2 protein chains.
Amino acid sequence: MIKNASLRQLKVFEAVARNLSYTRAAEELFTTQPTVSIQLKQLTDLVGLPLFEQVGKKIYLTDIGQELLKVCNEMFEALSRFEMMVSDAKGVKAGKLRLSVITTAKYFVPRLLGLFCQRYPGIDVSLKVINREMVLQRIVANMDDLYVLGQPPEQMDMVAEPFLENPLVVLAAANHPMAGKKNIPLKSLATEPFVLRESGSGTRLATEKFFSEHGIKIKVRMELGSNEAIKQAVIGGLGIAVLSAHTLALEHSNNELTILDVKGFPLHRNWYLAYHRGKSLTVVAKAFLDFIETEKKLLGETYLTRISGFPSKNIQSKKKKM
Amino acid sequence: MIKNASLRQLKVFEAVARNLSYTRAAEELFTTQPTVSIQLKQLTDLVGLPLFEQVGKKIYLTDIGQELLKVCNEMFEALSRFEMMVSDAKGVKAGKLRLSVITTAKYFVPRLLGLFCQRYPGIDVSLKVINREMVLQRIVANMDDLYVLGQPPEQMDMVAEPFLENPLVVLAAANHPMAGKKNIPLKSLATEPFVLRESGSGTRLATEKFFSEHGIKIKVRMELGSNEAIKQAVIGGLGIAVLSAHTLALEHSNNELTILDVKGFPLHRNWYLAYHRGKSLTVVAKAFLDFIETEKKLLGETYLTRISGFPSKNIQSKKKKM
DNA sequence: AACTACGATAGACTATAGTCTATGATTAGA
DNA sequence: TCTAATCATAGACTATAGTCTATCGTAGTT
């Protein structure tokens with residue numbers, strides 16, 4: 001009986017129905033495909049009829065599945081409306097949001113804040129774009145409400161909510177010998193000079209961890225303190241680099257850079273919205289958290305599709321079908 | 001954030017909002033008041049604003065609580081609609097329901113079946129009204145789909161869903177010396193002759209258990225094999241009896257009987273819809289289970305208010321206010 | 001003041017919900 | 001045929017949801 005279902009099951013169902021893919025839904029929900037599979041099986045058992053049918057490798061909603069999707073949308077819409085009313089009642093009319101983000105996040109955070117400020121026009125925002133080291137310092141000093149990080153610091157008791165994919169890609173100059181090749185073996189990179197961010201940066205940590213796990217020792221030719229500098233060094237032929245695909249989002253001309261199609265890349269990382277666990281969040285900070293939680297489905301689609309050359313054809317082709 | 005709420009919490013909230021009483025809601029949900037209290041506290045913490053306010057001993061919905069009640073009703077209505085669609089899709093258009101009930105249940109089960117058959121006109125119903133002993137035999141022999149009992153047999157692996165209150169009351173002749181008295185001490189009954197059902201009946205088990213737990217030894221003057229016979233014996237002055245309040249529901253003239261206001265009574269028992277756990281229920285039986293699950297709120301109000309002399313003033317006065 | 005009724009809280013416990021890794025089955029494409 | 005992609009299942013584990021009994025606090029009534 002559907003009334004014994006859980007909202008979690010319904011959320012999972014809705015994500016699968018929208019994506020028409022268990023795996024995509026799992027990624028979106030920051031969980032694994034078997035979890036999605038099990039949740040859907042439980043829901044299907046409750047309903048007593050199949051909600052999806054599989055034709056070849058594709059899944060389609062059954063008629064009953066279509067009806068349940070409508071019901072889900074009604075329900076979640078009703079809950080969203082209620083949340084708006086609650087925020088209004090709480091007087092989220094004015095206040096200040098203090099947000100510190102690491103530098104790569106500057107490519108998308110201002111847009112997020114723009115949307116947020118449209119919804120809550122009375123809220124002031126203080127945005128600091130700084131490197132990871134300084135973010136960590138500010139966390140310790142409790143100087144902000146929330147932080148955007150690519151790698152939450154494990155040595156601190158933080159709550160970290162993933163809200164956006166942060167794919168790390170291999171960048172090379174457009175005229176690089178490997179440009180345009182498909183499925184470049186990872187070993188091929190061992191002879192390439194690398195340009196990396198400074199020790200301590202999240203991207204560097206992730207890069208070193210990945211190559212270390214695959215038994216590849218990379219040659220670091222140069223360390224630079226900013227993403228822009230790294231991109232210029234790559235364009236200048238000084239080496240290749242691993243950077244967040246988000247760093248390409250604002251380029252008005254990407255002809256000088258290319259993303260290499262390397263096996264194992266892009267590394268699927270996330271952006272996290274984080275705060276110290278003991279921190280008592282302000283109403284405004286909670287509103288921003290809720291806003292991000294509500295909008296994060298849209299975020300995944302909006303920002304990655306704007307990155308030229310990023311292998312996001314799955315998302316794009318799916319979008320055309322829907 | 002309300003989206004992390006559970007449907008259970010919302011159900012509890014809705015029951016409290018409708019009843020404007022934690023205790024009444026707990027009874028309706030067949031659970032305890034602290035459970036309700038905790039669930040509501042969790043929900044309130046999620047919302048971040050009070051959902052009820054207490055003025056004196058009465059609780060009232062806050063404005064936000066009112067809104068949440070609307071949202072709940074929308075959501076549960078959407079789910080109910082979906083269940084209808086599912087039943088249709090499953091083809092609950094025709095079939096047979098085999099139901100056996102103990103004799104006291106004859107006072108209300110036909111009405112239930114009437115409502116059920118209105119909704120599913122193509123379904124045939126076989127209803128057997130028999131004593132408890134025979135019900136148990138039929139369970140063992142797997143002769144029916146579902147059973148209505150006042151006391152599920154503990155020695156069998158049964159699923160038993162409570163769906164209606166079955167209050168056990170003390171009946172006496174209208175001219176009994178204790179008639180009209182308030183808060184009659186339990187000890188006063190020790191000197192009264194009792195007329196009981198046969199050993200093995202659920203009512204008798206419950207009666208003996210209650211008095212045994214209170215250290216009262218009752219004098220059994222007579223055992224009779226039917227509720228009607230017991231009532232006639234009570235009217236005739238042969239003693240008092242403990243019977244389900246439901247036995248009074250069909251009386252066109254209750255002037256010869258009265259319900260004594262004894263401390264500890266009415267005993268709050270339930271009617272159960274039960275089936276053997278290993279039983280694979282037919283689509284029709286499942287539909288009846290779902291029907292009862294959906295309608296059980298209404299049942300509690302409808303049937304008990306019809307019992308003349310039953311102390312149900314709380315329900316009646318609340319109904320007038322709503 | 002004593003008693004009753006009702007909601008709130010503490011503490012303890014059980015049930016179940018949710019999740020993961022590993023692996024199997026199936027399909028489509030090269 | 002092989003590889004890749006995707007969903008299904010098994011088994012194990014953790015987290016949390018739900019619940020109860022006992023008791024306290026408050027308000028209203030007698």
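Everything numeric in this text was worked out from a predicted model, so none of it was measured. All chains are named by letter (A, B, ...) in the order of the sequence lines, taking the proteins before the strands, and each is independently numbered beginning at 1.
- Separating the CG atom of A:Leu20 from the P atom of D:dA5 is a distance of 19 Å, rounded to the nearest angstrom.
- Among residues two or more places apart in sequence or in another chain, the side chain to side chain contact (heavy atoms under 4.5 Å, CB included) test is passed with A:Pro152 by A:Ala160, A:Tyr272.
- Centroid-to-centroid, the aromatic rings of B:Phe13 and B:Phe52 come within less than 6.0 Å.
- The distance between atom CG of A:Leu7 and atom P of D:dT16, rounded to the nearest whole Å, is 17 Å.
- Nucleic acid contact class of A:Thr31 (heavy atoms, under 4.0 Å, all strands): sugar-phosphate only.
- Comparing A:Tyr22 and B:Pro34 by the nucleotide of DNA chain D that holds the closest heavy atom to each, the one mapping nearer the 5' end is A:Tyr22.
- Across the protein-nucleic acid pair, B:Glu53 atom CD and D:dT26 atom P stand 19 Å apart, rounded to whole Å.
- Per the geometry, CG belonging to A:Asn4 stands 12 Å off P belonging to D:dG18, to the nearest Å.
- For D:dC20, the OP1/OP2 oxygens have a side-chain nitrogen or oxygen of B:Thr32 closer than 4.0 Å.
- Inter-residue side-chain proximity for A:Glu28 and A:Arg18 is flagged as met; some heavy-atom pair is nearer than 4.5 Å.
- Atom CG in A:Leu43 sits roughly 13 Å away from atom P in C:dA17 (whole-Å rounding).
- Rounding to whole angstrom units, CG of residue B:Leu51 and P of C:dG7 are separated by 15 Å.
- The side chain of A:Gln9 approaches C:dG18 more closely than any other nucleotide in the set D:dC20, D:dT9, C:dG18.
- OP1 or OP2 of D:dC7 sits under 4.0 Å from a side-chain N or O of A:Thr23.
- A:Val159 places a side-chain heavy atom less than 4.5 Å from the side chain of A:Glu161.
- Counting atom types as modelled, A:Gln33 pairs a side-chain N or O with a base atom of D:dA8 as donor and acceptor under 3.5 Å.
- Taking side-chain N and O atoms only, A:Ser21 has a distance below 4.0 Å to OP1 or OP2 of D:dC7.
- Side-chain N/O atoms of B:Arg8 include one lying less than 4.0 angstrom from OP1 or OP2 on D:dT19.
- Counting to the nearest Å, the P atom of C:dT9 and the CD atom of B:Gln54 are 11 Å from each other.
- B:Gln39 has a side-chain polar atom (N or O) that falls below the 4.0 Å cut-off from OP1 or OP2 of D:dT19.
- Distance from the side chain of B:Gln42 is smallest for D:dG18 among the nucleotides D:dG18, D:dA8, C:dA8.
- Phosphate contact (OP1/OP2 of C:dT9, side-chain N/O of B:Ser37, threshold under 4.0 Å): absent.
- Going from atom CD1 of B:Ile38 over to atom C1' of D:dT23 covers 13 Å, rounded to whole Å.
- Among the atoms of the strands shown, base atoms are found under 4.0 Å from some heavy atom of A:Thr35.
- Remark: B:Leu51 CG to B:Leu40 CG distance equals 7.0 Å, nearest 0.5 Å.
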